[in-house]
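Data block below; observations after.
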2 protein chains.
Amino acid sequence: MKTFLVFLVSGLASSVIGLAQQPAARTPTAPPPINWPSPALPGGPIMVETAIERQVQVTVTKGLNQPFSMAFLPDGGILITERAGRLRIVRNGVLDPAPVAGVPQVHAQGIGGLMDLALHPRFAENQWVYFTYHKLVDEKSLGRITLARGRWDGKALAEVRDLFSATQSGNASRIIFGRDGMLYMTVGIGDPPAALRAQDPNDLAGKVLRLRDDGTVPADNPFVGRAGYRPEIYTLGHRNALGLAVNPETGAIWECENGPNGGDEVNILQAGKNYGWPVVSYGRFYLGPRVSVNPWREEMEPPLVFWVPAIAVSGMTFYTGDKFPNWKNHLFVGGMRQGEVPRSGHLERIDFNAKWEELHREGMLRELQQRIRDVRQGPDGLLYLLTAENDGALLRMEPEHKN
Amino acid sequence: MKTFLVFLVSGLASSVIGLAQQPAARTPTAPPPINWPSPALPGGPIMVETAIERQVQVTVTKGLNQPFSMAFLPDGGILITERAGRLRIVRNGVLDPAPVAGVPQVHAQGIGGLMDLALHPRFAENQWVYFTYHKLVDEKSLGRITLARGRWDGKALAEVRDLFSATQSGNASRIIFGRDGMLYMTVGIGDPPAALRAQDPNDLAGKVLRLRDDGTVPADNPFVGRAGYRPEIYTLGHRNALGLAVNPETGAIWECENGPNGGDEVNILQAGKNYGWPVVSYGRFYLGPRVSVNPWREEMEPPLVFWVPAIAVSGMTFYTGDKFPNWKNHLFVGGMRQGEVPRSGHLERIDFNAKWEELHREGMLRELQQRIRDVRQGPDGLLYLLTAENDGALLRMEPEHKN
C-alpha cells in the first residue's frame with residue numbers, strides 16, 4: 001500500500017496529464033501509441049487454421065460500424081448493437097440496411113455509447129431485450145451508464161424504458177443473466193486517480209452489480225443493509241470489465257477486464273469479493289511504473305487467468321456446442337490489442353483441467369488482423385464474432401466439413 | 001501486407017501435415033503438447049513490417065541444424081554453434097559446408113549439446129573463443145555443463161581445453177563477458193523436484209555463475225568464503241536461463257529465462273540475489289496448478305519483464321547500432337513458442353523509459369513462423385538471428401533503404 005501511494009503521488013497523477021499531452025516524437029518518458037490500422041477483410045469465406053479443430057471456415061457479414069454485442073433471436077435473427085447508438089439486425093447472413101427502431105438517444109463519446117445486449121431468460125414469454133448505454137448528462141461530461149429494457153415486437157424495440165441508472169463513467173458495461181435469474185452488470189473505470197473509485201464501496205464505478213430483472217436490488221446481495229456500501233454491488237475492484245460468461249459446469253459468473261499495460265484478467269466472481277484494482281495488478285502504468293510491486297494481497301482475489309502483455313480482452317464465452325467437439329467447455333476471449341504487438345487482434349481459446357486450472361492458450365485468427373470485440377455461441381452451435389472496427393463485421397466460424 | 005498474406009498461405013499448407021500426426025484425444029488432465037512444425041523459409045530476401053522501423057529486409061542463410069549461438073570475428077566471419085556439436089562459419093553470407101575443426105566431443109541429448117559462444121574481450125590480442133557444452137558422463141545420464149576455451153587460428157579452434165566443469169543438468173548454458181572482464185555463465189534447471197536445486201546454494205544448477213577468464217573464482221564473488229555456498233554463484237533461483245546481455249547504459253547483466261506454463265522472465269542480475277525459482281513464479285505447472293499463489297516474496301527479486309503466456313524466451317541483446325535509429329537501446333528477445341499460440345515463434349522488441357521501466361513490447365517476424373534461438377547485433381549495426389529449427393538459418397535484418 002505504501003508503494004502504491006508513492007506511485008499515486010509521483011507517477012499516477014502525472015501519468016494522466018502526461019498521456020493527454022503526448023508529443024508526436026517517441027521519447028523514453030512519453031510513449032505515444034502506435035497507430036496500425038487493420039486491413040480490410042476479404043468478402044468471401046476465409047479458411048483459417050486452428051490448433052485442435054484444424055481448418056475452420058470464417059464467413060463474413062460486413063457493413064457494421066464498431067459493433068459491440070449481439071443476441072440471437074428465436075426466429076433466427078441476430079440483433080447487434082453499434083457503439084454510436086444503432087441497433088442492427090442480420091437475417092440469414094444478410095445485414096438489414098435499416099437500423100432497428102426503438103433505441104433511445106445515446107451519448108457516444110470515447111469508448112462509450114450503446115453497449116451490451118441480452119435477452120431475458122424467459123424471452124419466449126416476455127420478449128424482453130436488455131441493453132446498456134451511456135445517457136447524456138451534458139455535452140461536456142461522460143455519459144451515465146444506464147440499463148434499459150424494451151419489448152421485441154418482431155421488427156423493433158417497443159415500450160423501451162430505463163431500469164437502472166448507474167454512474168457517470170466513460171467505461172463500458174456488459175450484462176449477463178445468471179442461472180439465478182439475476183442480471184449482472186459491469187461498470188468500468190480507468191486509471192488513477194479516477195480508479196480509486198473501484199475501491200470505494202459507496203461508488204458503482206469499477207464494480208460488477210447484481211440486479212433483479214426490473215432493475216431493483218435483490219435482498220440477498222452481499223452488501224445489502226451495510227452502511228457506506230451501495231447495495232447493488234456484487235464484486236469490487238475491477239478496471240474496465242468487457243466480458244461476462246456463465247461457466248457451463250459450475251454456473252459461476254466469469255468476468256474479464258482490461259488491465260493497464262499488462263494485467264488483463266479473467267476472474268471468477270464471488271459475492272462481496274474484491275478483485276484488487278487499482279491496489280494490486282500484474283500490469284504497469286503507461287509511463288512505466290508498476291501498478292504494485294506485489295501483484296497479490298491476502299484479502300484480494302487473484303485472477304484465474306492473466307495476460308502480460310495485455311491483449312485488450314473484450315467479449316467472452318464458453319463453447320458448449322457440438323460443432324467443434326475439441327473445444328467443448330473451452331473459454332473464448334476476444335482480443336483487441338493492436339499496434340504494439342502488430343497484427344495481434346485475435347481470438348483466444350483457453351482450456352482447463354477438471355479443477356478449472358488453466359492448461360493451454362491458443363491465439364487464433366491473427367491472420368485476419370481484426371480487433372475482436374465480442375464472441376458468442378449461436379443456437380446452431382457455431383461461434384459468432386464481432387470486429388471492433390469502423391468497417392466492422394460479423395464473423396461466423398464453422399467446421400470446414402459440415403456434419 | 002501482401003507479403004505477409006502470401007506467407008501464411010504457403011506456410012500453413014505445410015503445417016497441416018504435422019498436425020495430422022498429433023493424437024486426436026485431448027483429456028483435461030494430461031495435455032499433450034501441440035506439434036506444429038515450422039514451414040520452410042523462402043530462400044530470397046523477405047520484406048517484413050515492423051511497428052516503428054516499418055519495412056525491414058530479412059536475408060536468409062540456410063543449411064544450419066539447430067543453431068544455438070553466434071560470434072562475430074574481426075575478419076568478418078560469423079562463428080555459429082549447432083547444438084549437435086558442430087561449429088560452423090558463415091563468410092560473406094555463405095555458409096562453409098565444412099564444419100570448423102577443434103570442437104571436443106559433445107553429449108547432445110534432449111535440449112543439451114553445444115551451446116553458447118563468446119569471444120574474449122581482448123580477442124584481438126589472445127584470439128580466445130569461449131564456449132559451453134554438455135560433456136558425456138555416461139550414456140544414461142545428462143551431460144555435465146562445461147565451459148571451454150580454444151584459440152582461433154584463422155580457420156579452426158586450437159589448444160582447446162576445459163576451463164570449468166559445472167554440474168550435470170539437461171538444461172542450457174549461456175555465457176557473456178561483463179564490463180568487469182568476468183565471464184557470466186548460466187546453468188539451467190527444470191521443474192520440481194529437480195528444480196529445488198535452484199534454491200540450494202551448494203549446487204550450481206539454477207544459478208548464474210561468475211568466473212575469471214581462466215575459469216577460476218574471482219575473490220569478490222558474493223558467496224566466497226561462506227560455508228555451504230558454492231563460491232562460483234553470482235545469483236540464485238533461476239529456471240532455464242537462455243539469454244544474457246549487458247545493458248549498454250548501466251553495464252548491468254540482464255538475464256532471461258524460460259518459465260513453466262507462463263512466467264518467462266527478464267531479470268537484472270545483482271550479486272547474491274535470489275530470483276525465486278521454484279518458490280515464486282508467475283506461471284503454472286503444465287498440469288494446471290500455480291507454481292505459487294503469490295508470485296512475489298520480500299526476499300526474492302521480481303522480474304523486470306515477464307510473459308504470461310510464455311513465449312519461450314531465448315537469446316537476447318540490446319540494440320546499440322545506428323542502422324535502426326528508432327530501436328536504440330531497445331531489448332530484443334528471441335521467442336521459441338509454438339503450437340499453443342500457433343505461428344508465434346517470433347522476435348520481441350521491448351523499449352523502456354529513462355528508469356528502465358517497460359513501456360512497450362512488439363512481436364515481430366511472426367509471419368516467418370520460425371522459432372528464434374538467438375539474436376545479436378553485428379559489427380555492421382545490423383541484427384542477426386538464428387532459428388531453432390532442424391532446417392535452421394541465419395537471418396540478417398537490415399533497413400529497407402540502406403543509408
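Please read all numbers here as calculations on a predicted model, not as lab measurements. Just so it is clear: chains get the letters A, B, ... in the order the sequence lines come, proteins before strands, and each one is counted from 1.
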Q.
Would you compute the distance between atom CD of B/Glu357 and atom CZ of A/Arg284 and round it to the nearest 0.5 angstrom?
A. 6.0 Å
Q: Can you tell which part of A/Leu368 gets under 4.5 Å to a heavy atom of chain B, answering side chain, backbone, both or neither?
A: neither
Q) How close do A/Tyr286 and B/Leu359 get, heavy atom to heavy atom, and via which atoms? A) O-CD2, 3.5 Å
Q. When you look at CG of B/Asn329, are more than 12 heavy atoms from neighbouring residues, nucleotides or ligands closer to it than 6.0 Å?
A. yes
Q. Of the backbone (N, CA, C, O) and the side chain (C-beta and beyond), which part of B/Val305 lies under 4.5 Å from a heavy atom of chain A, both, or neither?
A. neither
Q.
To check you understand the geometry: which heavy-atom pair defines the closest contact between A/Tyr282 and B/Phe306, and what is its length?
A. O-CZ, 3.6 Å
Q) Can you check side chain to side chain contact (heavy atoms under 4.5 Å, CB included) on A/Asn353 and B/Leu287, steps first, answer last? A) CA-CA 7 Å; A/Asn353 66 17; B/Leu287 288 183; 5.5 Å; no
Q: Write down the atom of A/Trp296, the atom of B/Asn294, and the distance for their closest heavy-atom approach.
A: CE3-ND2, 3.1 Å
Q.
Nearest 0.5 angstrom please: B/Arg290 CZ to A/Glu358 CD, how far?
A. 9.0 Å
Q. Which bit of B/Leu304 comes within less than 4.5 Å of chain A, counting heavy atoms only: side chain, backbone, both or neither?
A. both
